[in-house]
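We number each residue from 1, following the sequence as shown. Please read these numbers as outputs of a predicted model, since none were measured by experiment.
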Amino acid sequence: MIGNIIKSFMCKRNLAPILHDKERNGFRSYINETDLPPSKRKRLENLPVFSKKNKTEISNEITSSARNDLTDRKRLGISLTDYFSIEQLKDHIHNLSQYNQGSTGNTTVCSVSENVNVCQLCGIDKLVFVPTPIYCSSCCKCIKRNLIYYWAVDEADGRHCFCTKCFRKCCGDDNVSSQGLSISKNKFQKAKNNDRNEEPWVQCDKCECWQHQICALYNAKKDLEGQAKYICPFCRLKEIEAGEHVSLPVSIGAQDLPRTMLSDHIEQRLFTRLELERNERAKLSGHDANEVPGASDLIVRVVLSVNRNLRVNQQFLDIFHNEDYPPEFQYKSKVILLFQKIGGVDVCLFGMYVQEFGSECAPPNRRCVYISYLDSINYFKPDIQTVKGEALRTFVYHEILIGYMDYCKKRGFTTCYLWACPSIKGEDYILYCHPKSQKTPKPEKLRLWYKSMLRKASEEDIVVNYTNLYDHFFAPSIGNTAAHLPYFDGDYWSGAAEEIIRNIETENRGDKVKKLMTKSTLKAIGHDNVYTDATKDILVMQKLGQTILPVKEEFIIVNLHVVCTNCQQAILSEVRWSCKQCKNFHICAKCVTLQKTHTSSNGEEHLLSEVVMDEDDIPASTEDQDAIIENDIFENRHSFLSFCEKNHYQFDSLRRAKHSSMMILYHLYNNIRLSRTDSGFEKEQFERQGPLKVKLMGILVHASQCRATLSNPCSFSGCIKIRELFQHVSQCSVRVTGGCALCRKIWSLLHWHSQTCQDTSCLVLRCKDIKKHGVATLRSGFPIEHP
């Protein structure tokens, strides 16, 4: 915080030695760098150099700075600890003091009493981030540490890196070309992948001690100009205990993110199941439910819900000559997050990317859900086991998945696809940089984790049954073609199929493909009469089946509704025929015969009974009634990972997970956009989506009534911002009609307020006038008087 550095050295320290030498040039020279700890000195390198000033000019600036200090005091909330209670501050300080006892890796551990250059909160001097991975733009592999690579920036300011091998291979006479990319060779620079990024520091404006920004829960994005005031937890604790400070109102957290019907469903179900689980543990231990530990402060939110079009790769389409395979699929991409308040901070513990292909989507994706990525970190509290012996965090994560499938089933989705594949060691799916203590599960253990969840869902009749991709599509007795395979964004089998197609076309030119599949071969794999053009399709299915067979248990298909035993399609009609003796034998109306019997596996003849289904069992449409939620951060998992890597938002320790979650929430609030539902704008529902808007309305009412002065400043950070907007609008000559963005902001706030305000004597500016004349008329000609 450059402003804090300058202010602390110029305004609060002894100025005699600083002002002694008039011949020094530049403002930087007045700061004695030898007074700083070595790890902080480099922070002064980017300070601007001003022209030489005499003692009188500098003294006048100091006086002006002291006079403006009243304004600085208004700008609190730069650190999350400004909102902490005494107990939370003490807990935060205690947890950080214990941190260096378990620190490993790139740290320099010192005792606070022995060395004043260390962080006053954690007792550690230097903490280095995990190196940001650098990927080759050609081979897409991660460039190893301490190796040479080449990088350049294109005309669109995109940075491209090449490992030495690919750079030499792609380098021409004038340009470097790879995968449609062409950059002039002269633009490339040679570099070594050995950068070490140290955690940034911040200095307390009161005691002038230094802390890591992460330890301080300091948000540097809120103070780009360096004008805010930071008070460390130690000084803040003393102020509260002395009655000199009152903690700021509750900060905007995960609970203020927009709520949806999906998040409410998962959250309410989770709370109910947790209460039942806690009662079971209490009963087993012979204690009251309030006497046994339980999970608390959990928040589930949907942070992305957008419509997407998935284009099918042309190579995949080319194998369907006589099949009506759609060239693209419409789906909704969603991101679901779980937060838990730990030590006063909402920490992101769990994330899930899903793809929903609704009733309007073409087969074979119709009414399918694909859970594409799932990730978690092991900071869940409390770290205890349930009555059945599983970790409580496992219980919670299972319930989120079951709750999601339950919601999808009620909306009319029939099938859910899962890929139980653990991430490669050193790589992450969603949350960047996991703790070293958290082991990556083996494939077998992850499959058991999913199957344990599915058994629970089956016991609640949410899941009818489940199988695997190979048994459902590739078994020799089935005889499916590739046209029956669902096509998802980023899934394994469609990518593998496209790779097989490329290999077939490379190895077998012209009509040689047809010769590979003789009539005897086709008959052996269940295809007696096949048109010539379908030969490649069948060959792809055969090779893809051979690829999937060794790992077939990783590709799980979950049936949320009853499936016809004959055609393997979900039964959506009002009538089906089922066998009372064979649990999973059901026939749809299209496949049932006049005889209405079937032969069981042991040769017995069983009678089929007609079952009339409730009209509400499967809705005719899967239309989503939730609002569209957009943001650039979670657009896809790669964009989110890149965002975290670039900003060093890591989760490898709890202190970093707290700060990273705080910053992710901050960016979400500034980036998230809500719009109408798929079925159109519904005002009543949409207004419920904005807890953040409710917060803004509260600040607006406060600012309209606040009578703070320089001698009695307001400590609420939102107040000064609203009052500055009032002042701007009262003096602005451009106004909304002229395109002033600030005027548009304040009039939007006033409009939102007037829509819900029932107070006939409301003190909010222009509230009565807007109710009477409308905002459009007023904002074009009526000024706002500054309070």
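Classified by interplanar angle (parallel below 30°, tilted 30° to 60°, perpendicular above 60°), the ring pair Phe329/Tyr325 is perpendicular. Below 30°, between 30° and 60°, or above 60°: for Phe555 and Trp419 the angle between ring planes is below 30°, a parallel geometry. Ring pair Trp493/Phe488 is perpendicular by interplanar angle, where above 60° counts as perpendicular and below 30° as parallel.
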(request) Could you please spell out the steps behind the side-chain hydrogen bond (donor to acceptor under 3.5 Å, both in side chains) verdict for His434 and Asp375? (result) CA-CA 10 Å; His434 287 58; Asp375 202 0; 2.7 Å; yes
(request) Could you please spell out the steps behind the side-chain contact (heavy atoms from CB on, under 4.5 Å) verdict for Cys408 and Tyr404? (result) CA-CA 6 Å; Cys408 290; Tyr404 175 70; 3.3 Å; yes
(request) Could you please spell out the steps behind the side-chain contact (heavy atoms from CB on, under 4.5 Å) verdict for Asp406 and His265? (result) CA-CA 9 Å; Asp406 182 37; His265 178 87; 3.1 Å; yes
(message) Arg502 vs Glu499, test: salt bridge (charged side-chain N to carboxylate O under 4.0 Å, His left out). Steps then yes/no.
(response) CA-CA 5 Å; Arg502 283 193 291 269; Glu499 182 65 26; 2.7 Å; yes
(message) With side-chain contact (heavy atoms from CB on, under 4.5 Å) as the criterion, how do Met405 and Leu560 come out once you've worked through the C-alpha distance, each side chain's angles and the decisive distance to 0.1 Å?
(response) CA-CA 8 Å; Met405 288 192 290; Leu560 303 176; 4.2 Å; yes
(request) Applying side-chain contact (heavy atoms from CB on, under 4.5 Å), run through Glu356 and Tyr331 and close with a yes or a no. (result) CA-CA 5 Å; Glu356 298 176 355; Tyr331 72 99; 5.9 Å; no
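When atom types are taken as modelled, the side chain of Arg637 and the backbone of Tyr373 share no donor-acceptor pair closer than 3.5 angstrom. With His287 contributing its side chain and Ser285 its backbone, the two residues share a donor-acceptor pair below 3.5 Å. Side-chain atoms of Gln355 come within 3.5 Å of backbone N or O of Asp489 as a donor-acceptor pair. For the pair Lys381 (side chain) and Lys341 (backbone), a donor-acceptor distance under 3.5 Å is absent.
The two residues Thr622 and Arg367 come nearest to each other via the heavy atoms CG2-NH1, 3.7 Å. When all heavy atoms of Cys361 and Gln330 are compared, the closest pair comes out as SG-O, 3.7 Å. Of all the heavy atoms in Cys163 and Ile143, the pair that sits closest is N-CD1, 4.1 Å. Phe473 and His484 make their closest contact through CE2-O, 3.1 Å (heavy atoms, listed as atom of the first residue, atom of the second, distance). For the pair Asp91 and Gly343, the tightest heavy-atom approach, listed with the atom from each and the gap, is OD2-CA, 3.8 Å. Taking every heavy atom of both residues into account, Arg281 and Ile384 meet most closely at NH1-CD1, 3.5 Å.
At least one side-chain heavy atom of Cys348 sits less than 4.5 Å from a side-chain heavy atom of Leu431. For the pair Val354/Ser372, no side-chain contact is recorded, criterion being any heavy-atom separation below 4.5 Å from C-beta on. Contact annotation: the side chain of Ile336 approaches that of Ile266 to within less than 4.5 Å [non-hydrogen atoms, C-beta and beyond]. A 4.5 Å side-chain heavy-atom check between Leu665 and Leu257 finds at least one atom pair inside the cut-off. With contacts defined as side-chain heavy-atom distances shorter than 4.5 Å, the pair Val335/Phe640 does not qualify. Under the 4.5 Å side-chain criterion, counting only non-hydrogen atoms from C-beta, Gln546 is in contact with Gln542. With contacts defined as side-chain heavy-atom distances shorter than 4.5 Å, the pair Ser333/Leu304 qualifies. Looking at Tyr492 and Ile548, their side chains come closer than 4.5 Å, going by heavy atoms from C-beta outward.
Under the 6.0 Å cut-off for aromatic ring centres, Tyr487 and Phe316 qualify, their centroids lying closer than that. Taking the six-membered ring for Trp, Tyr370 and Tyr417 have ring centres at least 6.0 Å apart. The distance between the ring centers of Tyr149 and Phe162 does not fall below 6.0 angstrom. Aromatic rings from Phe413 and His561 are positioned such that their centres are separated by 6.0 Å or more.
Under a 4.0 Å N-O distance rule, the pair Arg393/Asp383 qualifies as a salt bridge. Salt-bridge formation is detected for the pair Asp624/Lys334: a Lys NZ or Arg NE/NH1/NH2 atom is positioned less than 4.0 Å from an Asp or Glu carboxylate oxygen. Ion pairing between Arg308 and Glu328 fails under the 4.0 Å rule for side-chain N and carboxylate O. A salt bridge does not link Asp652 with Lys436: none of the charged nitrogens is closer than 4.0 Å to a carboxylate oxygen.
Tested against Glu199 for a side-chain hydrogen bond (donor to acceptor under 3.5 Å, both in side chains), the candidates Arg656, His659, Gln213, His648 yield a single pass: Arg656.
Contacts of His398 classified as ring-ring contact (aromatic ring centres under 6.0 Å, His included), with partners at least two apart in sequence or in another chain: Trp449.
We find the CZ-CD1 distance between Phe350 and Ile400 to be 5.0 Å, quoted to the nearest 0.5 Å. Atom-to-atom distance recorded for Trp151:CH2 and Phe167:CZ is 12.5 Å, nearest 0.5 angstrom. In this structure, CZ on Phe634 lies 8.0 Å from CZ on Phe643, to the nearest 0.5 angstrom. Distance check, rounded to the nearest 0.5 Å: CE of Met541 to CG of Leu539 gives 11.5 Å. Interatomic distance, Leu338 CG to Ser263 OG, rounded to the nearest 0.5 Å: 12.0 Å. Taking OH from Tyr379 and CG from Leu654, the interatomic distance works out to 6.5 Å, rounded to the nearest 0.5 Å.
Applying the salt bridge (charged side-chain N to carboxylate O under 4.0 Å, His left out) test to pairs two or more places apart or on separate chains, those with a residue in residues 447-457 are Glu390-Lys456, Glu444-Arg447, Arg447-Glu554, Lys451-Glu553.
A donor-acceptor pair shorter than 3.5 Å cannot be found between the side chains of Asn631 and His667. Neither side chain, Ser642 nor Ser639, offers a donor N or O lying under 3.5 Å from an acceptor on the other. A donor-acceptor contact under 3.5 angstrom links the side chains of Asn559 and Asn465, judged on distance only.
Around atom CZ of Arg145, more than 12 heavy atoms belonging to other residues, nucleotides or ligands sit under 6.0 Å away. No more than 12 heavy atoms of other residues, nucleotides or ligands shown are found within 6.0 angstrom of CD1 on Ile424. Around the CD atom of Glu275, the shell of radius 6.0 Å holds no more than 12 heavy atoms that belong to other residues, nucleotides or ligands.
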Review item, side-chain donor-acceptor pairs of residues 267-274, under 3.5 Å, at least two apart:
residue, atom, partner, partner atom, Å
Glu267, OE2, Val300, N, 2.9
Glu267, OE2, Arg301, NH1, 3.3
Arg269, NE, Glu399, OE1, 3.3
Arg269, NH1, Glu460, OE1, 3.0
Arg269, NH2, Glu399, OE1, 3.0
Arg269, NH2, Glu460, OE1, 3.1
Arg269, NH2, Glu460, OE2, 2.8
Thr272, OG1, Gln268, O, 2.9

